[in-house]
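Everything on this sheet refers to the single structure shown next.
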Amino acid sequence: MNTKYAVEMTNITKKFGTFKAIDNLNLKVKQGTVHAILGENGAGKSTLMNLLFGFYDLDEGQIKINEEAVEISDPNVAHKLGIGMVHQHFKLVKPFTVAENVTLGNEIKRGLFVDEKKTANSVQTIIDKYNFALDAKTKVSDLSVGQQQRVEILKMLYQEANILIFDEPTGALTPQETDELLNTILELKRMGKTILIITHKLNEIKAVADECTIIRKGQSIDTVDVAETSSDKLAELMVGRKVSFSVDKNPKEAGKDLLVVENITVTDARGVQTLKPTSFTVKAGEIFGIAGIDGNGQLEIVEGITGLSKVDSGSIVYKYHNEDIEIANMNARKIAEMQISHIPQDRHKHGVVLDYNIPQNASLKDYYKKDFARGILLNEKKMNDLGQKLMDEHDIRAPHGLNSVVRDMSGGNQQKLIIGRELEQNPRVLVASQPTRGVDVGAIENIHQKLLKVRDNDNAVILYSLELDEIIDLSDRILVMHDGEAMGIVDPKYTTKNEIGLLMAGKELQ
Ligand code: ADP
Ligand code: MG
(Lines give C-alpha, C1' and ligand atoms only; values in the text may rest on other atoms or scores of the structure.)
(Ligands and ions follow the chains in the order given, each with its own letter.)
Protein backbone atom coordinates (compact mmCIF):
# COMPACT_ATOMS: atom_id res chain seq x y z
CA MET A 1 0.00 0.00 0.00
CA ASN A 2 1.15 3.48 -0.80
CA THR A 3 1.28 5.08 2.64
CA LYS A 4 0.75 8.79 2.89
CA TYR A 5 1.33 10.76 6.03
CA ALA A 6 -1.21 13.16 7.49
CA VAL A 7 1.27 14.55 10.01
CA GLU A 8 5.06 14.57 10.04
CA MET A 9 6.83 16.40 12.82
CA THR A 10 10.59 16.31 12.41
CA ASN A 11 13.31 17.23 14.91
CA ILE A 12 10.92 19.33 16.96
CA THR A 13 12.21 21.28 19.95
CA LYS A 14 10.20 23.54 22.24
CA LYS A 15 11.63 25.31 25.26
CA PHE A 16 9.90 27.05 28.14
CA GLY A 17 12.64 29.36 29.38
CA THR A 18 15.64 27.05 29.54
CA PHE A 19 13.54 23.92 30.04
CA LYS A 20 13.18 21.70 26.96
CA ALA A 21 9.60 20.40 27.09
CA ILE A 22 10.05 18.88 23.61
CA ASP A 23 13.52 17.71 22.72
CA ASN A 24 14.34 16.87 19.10
CA LEU A 25 11.19 14.80 18.75
CA ASN A 26 9.89 12.94 15.70
CA LEU A 27 6.32 11.86 14.97
CA LYS A 28 4.79 10.42 11.81
CA VAL A 29 1.07 9.72 11.57
CA LYS A 30 -0.38 7.82 8.61
CA GLN A 31 -3.51 9.14 6.92
CA GLY A 32 -6.73 7.44 7.95
CA THR A 33 -5.31 5.82 11.08
CA VAL A 34 -5.79 6.23 14.80
CA HIS A 35 -2.45 7.14 16.33
CA ALA A 36 -2.00 7.17 20.10
CA ILE A 37 0.49 9.33 21.94
CA LEU A 38 1.49 7.68 25.19
CA GLY A 39 3.61 9.19 27.90
CA GLU A 40 3.75 9.84 31.61
CA ASN A 41 2.45 13.05 33.10
CA GLY A 42 4.76 15.86 32.07
CA ALA A 43 6.26 13.92 29.15
CA GLY A 44 5.29 16.71 26.74
CA LYS A 45 2.19 15.30 25.04
CA SER A 46 -0.02 18.38 25.37
CA THR A 47 2.85 20.67 24.43
CA LEU A 48 3.45 18.66 21.27
CA MET A 49 -0.22 18.83 20.30
CA ASN A 50 -0.34 22.55 21.06
CA LEU A 51 2.56 22.98 18.64
CA LEU A 52 0.64 21.08 15.99
CA PHE A 53 -2.42 23.20 16.67
CA GLY A 54 -0.52 26.49 16.49
CA PHE A 55 -0.87 27.50 20.13
CA TYR A 56 2.88 27.61 20.58
CA ASP A 57 5.68 28.46 18.16
CA LEU A 58 8.38 25.89 17.45
CA ASP A 59 11.93 26.64 18.54
CA GLU A 60 13.28 24.13 16.05
CA GLY A 61 12.00 21.57 13.61
CA GLN A 62 9.65 21.13 10.72
CA ILE A 63 6.00 20.16 10.29
CA LYS A 64 4.40 18.65 7.21
CA ILE A 65 0.66 18.23 6.84
CA ASN A 66 -0.46 15.84 4.11
CA GLU A 67 3.13 15.81 2.88
CA GLU A 68 3.47 19.56 2.48
CA ALA A 69 5.71 21.73 4.62
CA VAL A 70 3.68 24.19 6.66
CA GLU A 71 4.14 26.85 9.30
CA ILE A 72 1.36 26.68 11.86
CA SER A 73 1.72 30.11 13.40
CA ASP A 74 -1.69 30.16 15.11
CA PRO A 75 -4.86 28.05 15.50
CA ASN A 76 -6.48 29.73 12.49
CA VAL A 77 -3.76 28.30 10.29
CA ALA A 78 -4.40 24.90 11.88
CA HIS A 79 -8.13 25.20 11.08
CA LYS A 80 -7.38 26.02 7.47
CA LEU A 81 -5.14 22.97 7.25
CA GLY A 82 -8.02 20.81 8.49
CA ILE A 83 -6.68 20.24 11.99
CA GLY A 84 -9.16 20.18 14.88
CA MET A 85 -8.58 19.64 18.57
CA VAL A 86 -10.67 18.62 21.57
CA HIS A 87 -8.87 20.05 24.57
CA GLN A 88 -8.57 18.53 28.03
CA HIS A 89 -10.75 21.37 29.29
CA PHE A 90 -13.62 22.17 26.95
CA LYS A 91 -13.87 25.60 25.39
CA LEU A 92 -17.65 25.92 25.08
CA VAL A 93 -19.91 28.89 25.73
CA LYS A 94 -22.29 27.47 28.35
CA PRO A 95 -25.36 29.72 27.81
CA PHE A 96 -25.29 29.09 24.04
CA THR A 97 -27.05 26.21 22.32
CA VAL A 98 -25.30 23.24 20.76
CA ALA A 99 -25.81 24.72 17.28
CA GLU A 100 -24.50 28.13 18.33
CA ASN A 101 -21.38 26.61 19.84
CA VAL A 102 -20.72 24.40 16.86
CA THR A 103 -21.06 27.19 14.33
CA LEU A 104 -19.50 30.00 16.33
CA GLY A 105 -17.71 32.17 13.77
CA ASN A 106 -19.04 30.12 10.84
CA GLU A 107 -22.77 30.87 11.09
CA ILE A 108 -25.00 30.65 8.06
CA LYS A 109 -26.10 34.22 7.34
CA ARG A 110 -29.18 35.65 5.70
CA GLY A 111 -28.16 39.14 4.72
CA LEU A 112 -26.49 40.48 7.84
CA PHE A 113 -28.32 38.17 10.20
CA VAL A 114 -27.61 34.65 11.28
CA ASP A 115 -30.14 32.22 9.89
CA GLU A 116 -30.79 30.32 13.08
CA LYS A 117 -33.04 27.71 11.62
CA LYS A 118 -30.67 26.79 8.81
CA THR A 119 -27.79 26.76 11.24
CA ALA A 120 -29.59 24.42 13.65
CA ASN A 121 -30.65 22.16 10.80
CA SER A 122 -27.19 21.86 9.35
CA VAL A 123 -25.80 20.99 12.79
CA GLN A 124 -28.59 18.49 13.44
CA THR A 125 -27.70 16.74 10.18
CA ILE A 126 -24.17 16.07 11.41
CA ILE A 127 -25.48 15.03 14.84
CA ASP A 128 -27.73 12.45 13.24
CA LYS A 129 -25.07 11.21 10.86
CA TYR A 130 -22.88 10.28 13.83
CA ASN A 131 -25.74 9.12 16.11
CA PHE A 132 -24.76 11.66 18.74
CA ALA A 133 -28.23 11.71 20.30
CA LEU A 134 -28.26 15.48 20.86
CA ASP A 135 -30.74 18.23 20.09
CA ALA A 136 -29.02 21.12 18.31
CA LYS A 137 -31.25 23.57 20.18
CA THR A 138 -30.29 22.46 23.72
CA LYS A 139 -28.23 24.84 25.83
CA VAL A 140 -24.73 23.51 26.55
CA SER A 141 -25.20 24.25 30.26
CA ASP A 142 -27.86 21.51 30.32
CA LEU A 143 -25.54 18.82 28.93
CA SER A 144 -23.50 16.16 30.72
CA VAL A 145 -19.71 16.10 30.38
CA GLY A 146 -19.90 13.36 27.75
CA GLN A 147 -22.45 15.31 25.74
CA GLN A 148 -20.37 18.49 25.92
CA GLN A 149 -17.47 16.56 24.52
CA ARG A 150 -19.63 15.53 21.59
CA VAL A 151 -20.30 19.22 20.94
CA GLU A 152 -16.53 19.74 20.76
CA ILE A 153 -16.29 16.89 18.26
CA LEU A 154 -19.15 18.38 16.25
CA LYS A 155 -17.27 21.66 16.07
CA MET A 156 -14.36 19.89 14.40
CA LEU A 157 -16.66 18.05 12.01
CA TYR A 158 -18.55 21.23 11.12
CA GLN A 159 -15.24 22.85 10.21
CA GLU A 160 -14.55 19.79 8.09
CA ALA A 161 -11.37 18.96 9.94
CA ASN A 162 -9.62 15.82 8.74
CA ILE A 163 -6.97 15.54 11.40
CA LEU A 164 -8.61 15.29 14.81
CA ILE A 165 -6.64 15.65 18.03
CA PHE A 166 -8.06 14.37 21.33
CA ASP A 167 -6.08 15.39 24.42
CA GLU A 168 -6.90 12.93 27.22
CA PRO A 169 -10.52 12.73 26.16
CA THR A 170 -11.70 10.14 28.67
CA GLY A 171 -10.36 11.70 31.86
CA ALA A 172 -13.72 13.06 32.99
CA LEU A 173 -16.03 10.48 31.40
CA THR A 174 -18.02 7.64 32.94
CA PRO A 175 -17.23 4.09 31.75
CA GLN A 176 -20.27 4.18 29.45
CA GLU A 177 -19.38 7.58 28.00
CA THR A 178 -15.83 6.31 27.46
CA ASP A 179 -17.11 3.33 25.46
CA GLU A 180 -19.28 5.65 23.38
CA LEU A 181 -16.37 7.94 22.67
CA LEU A 182 -14.11 5.08 21.63
CA ASN A 183 -16.82 3.90 19.25
CA THR A 184 -17.11 7.41 17.84
CA ILE A 185 -13.37 7.48 17.25
CA LEU A 186 -13.57 4.23 15.30
CA GLU A 187 -16.52 5.64 13.34
CA LEU A 188 -14.52 8.78 12.51
CA LYS A 189 -11.71 6.60 11.26
CA ARG A 190 -14.15 4.69 9.02
CA MET A 191 -15.13 8.09 7.56
CA GLY A 192 -11.49 8.53 6.57
CA LYS A 193 -10.38 10.91 9.32
CA THR A 194 -6.92 10.76 10.87
CA ILE A 195 -7.04 10.71 14.66
CA LEU A 196 -4.45 11.52 17.26
CA ILE A 197 -5.39 10.44 20.75
CA ILE A 198 -3.46 11.24 23.89
CA THR A 199 -4.12 8.94 26.79
CA HIS A 200 -2.34 7.05 29.54
CA LYS A 201 -4.97 4.35 29.54
CA LEU A 202 -3.49 1.34 27.86
CA ASN A 203 -6.83 -0.44 27.38
CA GLU A 204 -8.06 2.57 25.38
CA ILE A 205 -5.01 2.45 23.15
CA LYS A 206 -5.58 -1.26 22.67
CA ALA A 207 -9.23 -0.63 21.80
CA VAL A 208 -8.82 2.01 19.10
CA ALA A 209 -5.25 2.76 18.04
CA ASP A 210 -3.37 1.38 15.05
CA GLU A 211 -0.01 2.80 16.05
CA CYS A 212 1.34 4.33 19.19
CA THR A 213 4.22 6.73 19.71
CA ILE A 214 5.74 6.67 23.17
CA ILE A 215 7.13 9.91 24.54
CA ARG A 216 9.43 10.24 27.54
CA LYS A 217 10.88 13.55 28.76
CA GLY A 218 10.06 15.31 25.52
CA GLN A 219 11.70 12.68 23.31
CA SER A 220 10.07 10.06 21.10
CA ILE A 221 11.14 6.67 22.40
CA ASP A 222 9.47 4.45 19.82
CA THR A 223 6.51 4.04 17.50
CA VAL A 224 4.91 0.61 17.66
CA ASP A 225 2.17 -1.38 15.98
CA VAL A 226 -0.48 -1.62 18.70
CA ALA A 227 -1.88 -5.01 17.68
CA GLU A 228 1.59 -6.52 17.99
CA THR A 229 2.53 -4.91 21.31
CA SER A 230 1.29 -6.07 24.71
CA SER A 231 -0.01 -3.65 27.34
CA ASP A 232 2.88 -4.64 29.59
CA LYS A 233 5.34 -3.71 26.88
CA LEU A 234 3.63 -0.35 26.25
CA ALA A 235 3.75 0.47 29.95
CA GLU A 236 7.41 -0.49 30.13
CA LEU A 237 8.26 1.73 27.16
CA MET A 238 6.38 4.60 28.76
CA VAL A 239 7.97 4.60 32.19
CA GLY A 240 11.30 3.06 31.22
CA ARG A 241 11.00 0.11 33.59
CA LYS A 242 8.72 -2.85 34.22
CA VAL A 243 5.40 -1.89 35.81
CA SER A 244 3.32 -4.21 37.92
CA PHE A 245 -0.42 -4.04 37.31
CA SER A 246 -1.43 -6.57 39.88
CA VAL A 247 -1.83 -5.05 43.28
CA ASP A 248 0.07 -6.95 45.96
CA LYS A 249 -2.22 -6.92 48.93
CA ASN A 250 -1.51 -8.84 52.10
CA PRO A 251 -4.44 -10.46 53.87
CA LYS A 252 -5.28 -8.51 56.98
CA GLU A 253 -7.81 -8.63 59.81
CA ALA A 254 -9.63 -5.35 60.19
CA GLY A 255 -9.38 -3.72 63.61
CA LYS A 256 -11.80 -1.67 65.63
CA ASP A 257 -14.42 0.74 64.35
CA LEU A 258 -13.13 4.20 63.48
CA LEU A 259 -16.07 5.87 61.77
CA VAL A 260 -19.68 4.98 62.42
CA VAL A 261 -21.94 6.58 59.83
CA GLU A 262 -25.66 6.37 60.52
CA ASN A 263 -28.50 7.40 58.22
CA ILE A 264 -26.84 10.43 56.70
CA THR A 265 -28.81 12.22 53.98
CA VAL A 266 -28.04 15.08 51.61
CA THR A 267 -30.46 17.25 49.63
CA ASP A 268 -29.21 19.42 46.77
CA ALA A 269 -30.17 22.99 45.87
CA ARG A 270 -33.08 21.82 43.72
CA GLY A 271 -34.55 19.94 46.70
CA VAL A 272 -33.63 16.51 45.33
CA GLN A 273 -32.39 14.01 47.90
CA THR A 274 -29.05 13.04 46.35
CA LEU A 275 -28.10 10.84 49.31
CA LYS A 276 -30.81 8.71 50.88
CA PRO A 277 -30.35 7.44 54.46
CA THR A 278 -26.99 5.67 54.34
CA SER A 279 -25.18 3.80 57.10
CA PHE A 280 -21.84 1.99 57.30
CA THR A 281 -18.84 1.56 59.55
CA VAL A 282 -15.21 2.00 58.57
CA LYS A 283 -12.63 0.03 60.54
CA ALA A 284 -8.97 0.49 61.31
CA GLY A 285 -6.72 -1.45 58.93
CA GLU A 286 -9.08 -1.61 55.98
CA ILE A 287 -9.60 0.02 52.63
CA PHE A 288 -13.30 0.77 52.41
CA GLY A 289 -14.26 1.26 48.77
CA ILE A 290 -17.23 3.25 47.51
CA ALA A 291 -18.29 2.14 44.03
CA GLY A 292 -20.93 3.55 41.70
CA ILE A 293 -21.47 5.32 38.42
CA ASP A 294 -20.59 9.00 38.58
CA GLY A 295 -23.13 11.07 40.47
CA ASN A 296 -24.89 8.40 42.53
CA GLY A 297 -24.22 9.77 46.01
CA GLN A 298 -20.53 8.87 46.42
CA LEU A 299 -19.33 12.46 46.43
CA GLU A 300 -22.00 13.44 48.99
CA ILE A 301 -20.62 10.77 51.32
CA VAL A 302 -16.95 11.71 51.08
CA GLU A 303 -17.65 15.44 51.23
CA GLY A 304 -19.90 14.87 54.24
CA ILE A 305 -17.15 13.01 56.08
CA THR A 306 -14.48 15.58 55.27
CA GLY A 307 -16.71 18.55 56.05
CA LEU A 308 -16.58 19.98 52.51
CA SER A 309 -20.36 19.89 52.33
CA LYS A 310 -23.21 19.57 54.78
CA VAL A 311 -25.45 16.62 55.57
CA ASP A 312 -29.16 17.16 56.34
CA SER A 313 -29.55 14.50 58.96
CA GLY A 314 -27.87 11.46 60.48
CA SER A 315 -24.61 11.18 62.36
CA ILE A 316 -20.95 10.49 61.68
CA VAL A 317 -19.20 9.40 64.85
CA TYR A 318 -15.41 9.39 64.78
CA LYS A 319 -13.69 7.30 67.43
CA TYR A 320 -10.58 9.33 68.13
CA HIS A 321 -8.32 8.90 71.19
CA ASN A 322 -10.98 6.92 73.06
CA GLU A 323 -13.57 9.58 72.48
CA ASP A 324 -16.69 9.51 70.34
CA ILE A 325 -16.75 12.72 68.34
CA GLU A 326 -19.69 13.77 66.18
CA ILE A 327 -18.14 15.22 63.03
CA ALA A 328 -21.24 15.65 60.87
CA ASN A 329 -21.37 19.30 59.77
CA MET A 330 -18.20 20.16 61.65
CA ASN A 331 -15.85 22.68 60.01
CA ALA A 332 -13.52 21.04 57.46
CA ARG A 333 -10.35 22.39 59.05
CA LYS A 334 -11.35 21.04 62.46
CA ILE A 335 -11.96 17.62 60.93
CA ALA A 336 -8.59 17.73 59.17
CA GLU A 337 -6.87 18.60 62.44
CA MET A 338 -8.08 15.30 63.88
CA GLN A 339 -6.07 13.31 61.35
CA ILE A 340 -8.85 12.85 58.82
CA SER A 341 -7.02 13.65 55.59
CA HIS A 342 -8.48 14.15 52.16
CA ILE A 343 -7.25 13.70 48.63
CA PRO A 344 -9.99 15.68 46.87
CA GLN A 345 -11.61 14.76 43.59
CA ASP A 346 -11.26 18.28 42.26
CA ARG A 347 -7.55 19.03 42.60
CA HIS A 348 -7.86 22.62 41.50
CA LYS A 349 -10.82 23.58 43.63
CA HIS A 350 -9.86 21.86 46.87
CA GLY A 351 -6.36 20.44 46.50
CA VAL A 352 -3.82 23.04 45.46
CA VAL A 353 -3.53 26.76 44.87
CA LEU A 354 -2.36 26.91 41.27
CA ASP A 355 -0.43 30.15 41.61
CA TYR A 356 1.43 29.05 44.74
CA ASN A 357 4.75 27.26 44.49
CA ILE A 358 5.59 23.84 45.90
CA PRO A 359 6.59 24.93 49.44
CA GLN A 360 3.47 27.07 49.74
CA ASN A 361 1.21 24.25 48.63
CA ALA A 362 3.06 21.73 50.78
CA SER A 363 2.35 23.89 53.84
CA LEU A 364 -1.32 24.62 53.12
CA LYS A 365 -2.43 22.40 55.98
CA ASP A 366 0.10 23.79 58.44
CA TYR A 367 0.60 27.43 57.63
CA TYR A 368 -1.56 28.71 60.44
CA LYS A 369 0.02 26.47 63.07
CA LYS A 370 2.52 27.68 65.62
CA ASP A 371 5.76 26.29 64.27
CA PHE A 372 5.07 27.60 60.76
CA ALA A 373 3.70 31.01 61.54
CA ARG A 374 6.09 33.41 63.28
CA GLY A 375 3.91 36.31 64.09
CA ILE A 376 2.28 36.92 60.78
CA LEU A 377 5.34 35.89 58.78
CA LEU A 378 5.55 32.36 57.52
CA ASN A 379 8.65 30.44 58.35
CA GLU A 380 10.16 30.20 54.93
CA LYS A 381 12.85 27.70 55.77
CA LYS A 382 10.34 25.27 57.30
CA MET A 383 8.15 25.58 54.23
CA ASN A 384 11.06 24.99 51.87
CA ASP A 385 12.23 21.99 53.88
CA LEU A 386 8.78 20.46 53.79
CA GLY A 387 8.45 21.13 50.05
CA GLN A 388 11.83 19.52 49.37
CA LYS A 389 11.00 16.54 51.59
CA LEU A 390 7.77 15.90 49.68
CA MET A 391 9.57 16.24 46.34
CA ASP A 392 12.21 13.70 47.38
CA GLU A 393 9.89 11.21 49.05
CA HIS A 394 7.17 11.28 46.44
CA ASP A 395 9.22 11.67 43.27
CA ILE A 396 7.57 14.98 42.38
CA ARG A 397 8.94 16.41 39.15
CA ALA A 398 8.54 20.06 38.26
CA PRO A 399 9.99 22.28 35.53
CA HIS A 400 11.75 24.74 37.86
CA GLY A 401 12.41 22.57 40.90
CA LEU A 402 11.20 23.61 44.33
CA ASN A 403 10.14 27.07 43.19
CA SER A 404 7.87 25.84 40.42
CA VAL A 405 4.40 27.26 40.48
CA VAL A 406 1.93 24.38 40.65
CA ARG A 407 0.10 25.65 37.54
CA ASP A 408 3.17 24.71 35.46
CA MET A 409 3.27 21.14 36.78
CA SER A 410 1.56 18.17 35.18
CA GLY A 411 -1.61 16.74 36.75
CA GLY A 412 0.16 13.64 38.03
CA ASN A 413 2.83 15.64 39.77
CA GLN A 414 0.21 17.94 41.30
CA GLN A 415 -1.53 14.83 42.60
CA LYS A 416 1.71 13.47 44.11
CA LEU A 417 2.16 16.77 45.91
CA ILE A 418 -1.36 16.63 47.38
CA ILE A 419 -0.96 13.00 48.45
CA GLY A 420 2.44 13.67 49.98
CA ARG A 421 1.07 16.61 51.93
CA GLU A 422 -1.94 14.64 53.20
CA LEU A 423 0.20 11.66 54.24
CA GLU A 424 2.44 14.06 56.13
CA GLN A 425 -0.53 14.63 58.47
CA ASN A 426 -0.32 10.95 59.58
CA PRO A 427 -3.93 10.23 58.73
CA ARG A 428 -5.98 7.99 60.99
CA VAL A 429 -8.60 8.07 58.22
CA LEU A 430 -7.52 8.92 54.68
CA VAL A 431 -10.38 9.82 52.35
CA ALA A 432 -9.20 9.36 48.77
CA SER A 433 -11.58 10.70 46.12
CA GLN A 434 -10.63 9.49 42.67
CA PRO A 435 -6.95 9.56 43.63
CA THR A 436 -5.69 8.28 40.28
CA ARG A 437 -7.94 10.21 37.93
CA GLY A 438 -5.91 11.55 35.01
CA VAL A 439 -2.70 10.06 36.41
CA ASP A 440 -0.38 7.80 34.37
CA VAL A 441 0.27 4.13 35.13
CA GLY A 442 3.66 4.62 36.75
CA ALA A 443 2.19 7.08 39.22
CA ILE A 444 -0.95 4.96 39.72
CA GLU A 445 1.14 2.03 40.93
CA ASN A 446 2.87 4.36 43.35
CA ILE A 447 -0.40 5.85 44.66
CA HIS A 448 -1.89 2.39 45.18
CA GLN A 449 1.10 1.36 47.24
CA LYS A 450 0.71 4.44 49.41
CA LEU A 451 -2.96 3.72 50.09
CA LEU A 452 -2.12 0.13 51.01
CA LYS A 453 0.57 1.31 53.37
CA VAL A 454 -1.92 3.44 55.29
CA ARG A 455 -4.11 0.35 55.67
CA ASP A 456 -1.19 -1.91 56.60
CA ASN A 457 -0.27 0.53 59.37
CA ASP A 458 -3.72 -0.08 60.89
CA ASN A 459 -5.28 3.14 59.74
CA ALA A 460 -8.33 3.40 57.49
CA VAL A 461 -8.68 4.42 53.86
CA ILE A 462 -12.00 5.40 52.29
CA LEU A 463 -11.54 5.02 48.55
CA TYR A 464 -14.05 6.60 46.19
CA SER A 465 -13.26 5.83 42.58
CA LEU A 466 -15.11 5.48 39.29
CA GLU A 467 -12.56 2.88 38.18
CA LEU A 468 -14.22 -0.33 39.26
CA ASP A 469 -11.07 -2.40 38.77
CA GLU A 470 -9.18 -0.12 41.12
CA ILE A 471 -11.87 -0.44 43.80
CA ILE A 472 -11.96 -4.22 43.48
CA ASP A 473 -8.17 -4.60 43.54
CA LEU A 474 -7.61 -2.41 46.58
CA SER A 475 -10.68 -2.60 48.80
CA ASP A 476 -11.34 -4.96 51.69
CA ARG A 477 -15.04 -4.11 51.62
CA ILE A 478 -17.06 -2.20 49.01
CA LEU A 479 -20.13 -0.06 49.47
CA VAL A 480 -22.04 0.07 46.19
CA MET A 481 -24.17 3.15 45.49
CA HIS A 482 -27.02 3.62 43.04
CA ASP A 483 -29.25 6.67 42.74
CA GLY A 484 -28.20 8.01 46.14
CA GLU A 485 -28.92 4.72 47.82
CA ALA A 486 -26.65 2.08 49.36
CA MET A 487 -27.26 -1.13 47.38
CA GLY A 488 -25.14 -3.20 49.74
CA ILE A 489 -21.68 -3.75 51.15
CA VAL A 490 -19.77 -6.59 49.49
CA ASP A 491 -16.48 -8.42 50.02
CA PRO A 492 -14.57 -8.42 46.72
CA LYS A 493 -13.13 -11.84 47.56
CA TYR A 494 -16.59 -13.37 47.21
CA THR A 495 -18.22 -11.03 44.68
CA THR A 496 -17.59 -10.83 40.94
CA LYS A 497 -17.10 -7.63 38.97
CA ASN A 498 -20.29 -8.45 37.14
CA GLU A 499 -22.28 -8.64 40.36
CA ILE A 500 -20.93 -5.28 41.50
CA GLY A 501 -21.84 -3.85 38.08
CA LEU A 502 -25.43 -5.07 38.56
CA LEU A 503 -25.63 -3.38 41.97
CA MET A 504 -24.28 -0.18 40.41
CA ALA A 505 -27.12 -0.38 37.88
CA GLY A 506 -29.65 -0.65 40.73
CA LYS A 507 -30.37 -4.38 40.45
CA GLU A 508 -30.53 -6.46 43.62
CA LEU A 509 -28.40 -9.62 43.66
CA GLN A 510 -30.34 -12.90 43.78
P1 ADP B 1 1.86 16.09 29.35
O2 ADP B 1 0.73 16.62 28.53
O3 ADP B 1 2.61 14.98 28.70
O4 ADP B 1 1.42 15.71 30.74
P5 ADP B 1 2.89 18.78 29.10
O6 ADP B 1 3.10 18.90 27.65
O7 ADP B 1 1.69 19.44 29.68
O8 ADP B 1 2.93 17.25 29.53
O9 ADP B 1 4.15 19.36 29.87
C10 ADP B 1 5.48 18.99 29.55
C11 ADP B 1 6.43 19.72 30.47
O12 ADP B 1 6.46 21.09 30.13
C13 ADP B 1 6.04 19.64 31.94
O14 ADP B 1 7.21 19.53 32.71
C15 ADP B 1 5.35 20.96 32.19
O16 ADP B 1 5.49 21.33 33.54
C17 ADP B 1 6.10 21.89 31.24
N18 ADP B 1 5.23 22.96 30.74
C19 ADP B 1 4.08 22.80 30.05
N20 ADP B 1 3.55 23.99 29.69
C21 ADP B 1 4.39 24.94 30.19
C22 ADP B 1 4.39 26.37 30.18
N23 ADP B 1 3.43 27.05 29.55
N24 ADP B 1 5.41 26.99 30.81
C25 ADP B 1 6.38 26.30 31.42
N26 ADP B 1 6.45 24.94 31.46
C27 ADP B 1 5.47 24.27 30.87
MG1 MG C 1 -1.33 16.86 29.00
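All values reported here derive from a predicted model rather than from experimental measurement. Start at 1 and go down the list; that is how both ligands and their atoms are numbered.
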Answer yes or no for Lys15 and Phe19: cation-pi contact, defined as NZ/CZ to six-membered ring centre under 6.0 Å and angle to ring axis within 45°. no
Among non-hydrogen protein atoms, atom 26 (N) of ligand 1 lies closest to Phe16 CD1, 3.4 Å
Who's closest to atom 4 (O) of ligand 1 heavy-atom-wise, of Ser410, Gly42, Gly17? Gly42
Looking at Lys389 and Glu424, is there a salt bridge between them, counting it only when a charged N and a carboxylate O are closer than 4.0 Å? yes
Evaluate the criterion side-chain hydrogen bond (donor to acceptor under 3.5 Å, both in side chains) for residue pair Glu211 and Thr33; output intermediate values, then yes/no. CA-CA 8 Å; Glu211 289 193 307; Thr33 64; 5.5 Å; no
To the nearest 0.5 Å, atom NZ of Lys217 lies from atom CG of Leu25 at 15.0 Å
Any salt bridge linking Lys64 with Glu67? Criterion: basic side-chain nitrogen under 4.0 Å from a carboxylate oxygen. no
Determine whether any heavy atom of Gly44 lies closer than 4.0 Å to an atom of ligand 1. yes
Subset of ligand 1 atoms that lie under 4.0 Å from at least one heavy atom of Pro399: 16 (O)
Checking contacts here: is it the side chain or the backbone of Glu40 that comes within 4.0 Å of ligand 1, counting heavy atoms only? Could be both or neither. backbone
Quick one: does Glu168 get a heavy atom under 4.0 Å from ligand 1? no
Give the atom numbers and elements of ligand 1 that come within less than 4.0 Å of a heavy atom of Asp408. 15 (C), 16 (O)
Does Lys30 pair with Asp210 as a salt bridge, N-O distance under 4.0 Å? no
Protein residue, atom and distance nearest to atom 7 (O) of ligand 1, heavy-atom basis: Ser46 CB, 3.9 Å
Is Asp469 salt-bridged to Lys497, cutoff N-O under 4.0 Å? yes
With the threshold set at 4.0 Å, does a side-chain nitrogen-carboxylate oxygen contact exist between Arg216 and Glu40? no
Polar atom proximity, Thr47 to ligand 1 (N or O, under 3.5 Å): yes
Report yes or no: does Ser410 have an N/O/S atom closer than 2.8 Å to the Mg ion (ligand 2)? no
The atoms of ligand 1 lying under 4.0 Å from a heavy atom of Ala21, numbered in the order shown, are 12 (O)
So between Tyr56, Phe55, Phe19, whose heavy atom ends up nearest atom 12 (O) of ligand 1? Phe19
